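Handing you a structure now.
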Amino acid sequence: DLTVTVATRSALLQADGDVVDTDGISKVLFDGVFDGNYYIVGRHKNHLDVMTPGSLPMSQNTSYLHDFSTGSAYGLISFGDIQKSLGGGKFGLYEADFNYDGSIDAADRSIAWNFRNQTGYRVQDSNLDGVCDAAERSQAWNNRNKLSRVP
């Protein structure tokens, strides 16, 4: 049932795209979730959400790998695909949803501009380089009109 959230977890997204538990090493486990088929939603900082295109067989005793970088994600999006082509047949998430409303628009561009020249781990640092600058404002503009509505 796409309308029911069964479990949520925080995890770490590594530079190579792997998702691991918060210890930086272990697999991500969902304690107390019964074996069955589940949709998995990916949410990351200031990016648009994605979801597996179908339910995946999950169990407490078996690991399951889904490679979102292949572009196999689901989400309702306007003006293009749910995932951004990174070239070479790889896909990533659209960045610059700074107000977490599921769309990238003029409001996000304004937020990026309002935080210009600030450094550190900030929501407004969409490219994760440690500084909010014109690059974030440009990404908000380049990704404008992108919309994700995963359940």
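These numbers come from a predicted model, not from an experiment.
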First locate atom OG of Ser85, then atom CZ of Phe91, and finally report the distance between them rounded to the nearest 0.5 Å.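 Output value for this atom pair is 4.5 Å.
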
If you round to the nearest 0.5 Å, how far is CD of Gln124 from CD of Glu136?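 That separation rounds to 9.0 Å.
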
State, to 0.1 Å, how close Gly92 and Gln83 come at their nearest heavy-atom pair, and which atoms those are.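 Heavy-atom minimum between the residues: O-CB, 3.2 Å.
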
Taking ring pair (Phe, Tyr, Trp, His ring centres under 6.0 Å) as the cut-off, I'd like each qualifying pair that reaches into residues 39-59, sequence neighbours left out, listed once.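 For residues 39-59, and leaving out neighbouring residues, the ring pair (Phe, Tyr, Trp, His ring centres under 6.0 Å) pairs sorted by first residue read His44-His47.
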
Please round to the nearest 0.5 Å and tell me the distance separating atom CH2 of Trp113 and atom CG of Asp133.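 It is 10.0 Å, given to the nearest 0.5 Å.
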
Does Asp108 use its side chain to pair, donor to acceptor, with the backbone of Asn99 at less than 3.5 Å?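 Yes.
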
Tell me, do Leu56 and Ile40 make a side-chain contact under 4.5 Å, heavy atoms counted?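 The answer is yes; the side chains approach within 4.5 Å.
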
For the student: nearest non-hydrogen atoms of Ala96 and Ala140, plus distance: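 Shortest heavy-atom separation between Ala96 and Ala140 comes out as CB-CA, 3.6 Å.
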
What I want to find out is whether Asp21 reaches Arg9 closely enough, with some N-O distance under 4.0 Å, to be called a salt bridge.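 Judged by the 4.0 Å cut-off on N to carboxylate O distance, Asp21 and Arg9 do form a salt bridge.
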
Between the side chains of Asp23 and Ser26, is a donor N or O closer than 3.5 angstrom to an acceptor N or O?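 Short answer, yes.
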
Interatomic distance, Asn142 atom CG to Tyr94 atom OH [nearest 0.5 angstrom]: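 That separation rounds to 10.5 Å.
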
Identify the heavy atoms of Thr70 and Asp67 that sit nearest to each other, and give their distance.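 Minimum heavy-atom contact is OG1-O, 2.9 Å.
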
Looking at Phe68, is Lys90 sitting on its ring face, NZ or CZ under 6.0 Å from the six-membered ring centre and within 45 degrees of the normal?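 No; the conditions do not both hold, so Lys90 does not lie above the ring face of Phe68.
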
Would Val33 end up clustered with Val28 when hydrophobic side chains under 4.5 Å apart are linked, directly or stepwise?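 In one cluster with Val33: Val28, yes.
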
Please answer: with hydrophobic residues joined when any side-chain heavy atoms are less than 4.5 Å apart, are Phe30 and Phe34 in the same cluster?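 Yes, Phe30 and Phe34 fall within the same hydrophobic cluster.
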
Once rounded to the nearest 0.5 Å, what's the spacing between atom SG of Cys132 and atom CD1 of Ile111?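 CD1 of Ile111 is found 11.5 Å from SG of Cys132.
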
Quick check: do Leu48 and Ile104 have side-chain heavy atoms less than 4.5 Å from each other?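 Counting from C-beta outward, Leu48 and Ile104 do come under 4.5 Å.
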
Donor-acceptor check, side chain of Asn46 to backbone of Val123, threshold 3.5 angstrom: yes or no?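 Such a contact is found between Asn46 side chain and Val123 backbone.
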
Test item: Thr52 side-chain N/O and Gly54 main-chain N/O as donor-acceptor pair under 3.5 Å: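 Side chain of Thr52 to backbone of Gly54: a pair is present.
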
Does the Lys45 side chain pair with the main chain of Arg122, one donor and one acceptor, at a distance under 3.5 Å?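 Flag set: sc Lys45 to bb Arg122 pair under 3.5 Å.
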
Short question: side chain of Arg144, backbone of Trp141 - any donor-acceptor pair under 3.5 Å?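 Yes.
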
Under 3.5 Å, is there a donor-acceptor pair between the side chain of Asp18 and the main chain of Gln14?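 No.
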
Side-chain heavy atoms under 4.5 angstrom apart, residues restricted to Ile, Leu, Val, Met, Phe, Trp, Tyr: same cluster for Met58 and Val6?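 Linked, Met58 and Val6 end up in one cluster.
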
For a 4.5 angstrom cut-off between non-hydrogen side-chain atoms, does Ser126 reach Phe98?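 They are in contact (side-chain heavy atoms under 4.5 Å apart), so the answer is yes.
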
What are the two closest heavy atoms between Ser10 and Thr22, and how far apart are they?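 Looking at all heavy atoms of both residues, the shortest contact is O-CG2, 3.8 Å.
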
Nearest 0.5 Å, please: how far is CG in Asp97 from CG in Asp49?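 Going from CG on Asp49 over to CG on Asp97, the span is 8.0 Å.
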
Might you point out which heavy atoms bring Asp125 and Gly120 nearest each other, and give the distance in Å?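 Smallest interatomic distance, heavy atoms only, reads OD2-O, 4.2 Å.
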
Which one of Val19, Val20, Leu93 satisfies the side chain to side chain contact (heavy atoms under 4.5 Å, CB included) criterion with Leu13?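 Answer to the side chain to side chain contact (heavy atoms under 4.5 Å, CB included) test with Leu13 among Val19, Val20, Leu93: Val19.
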
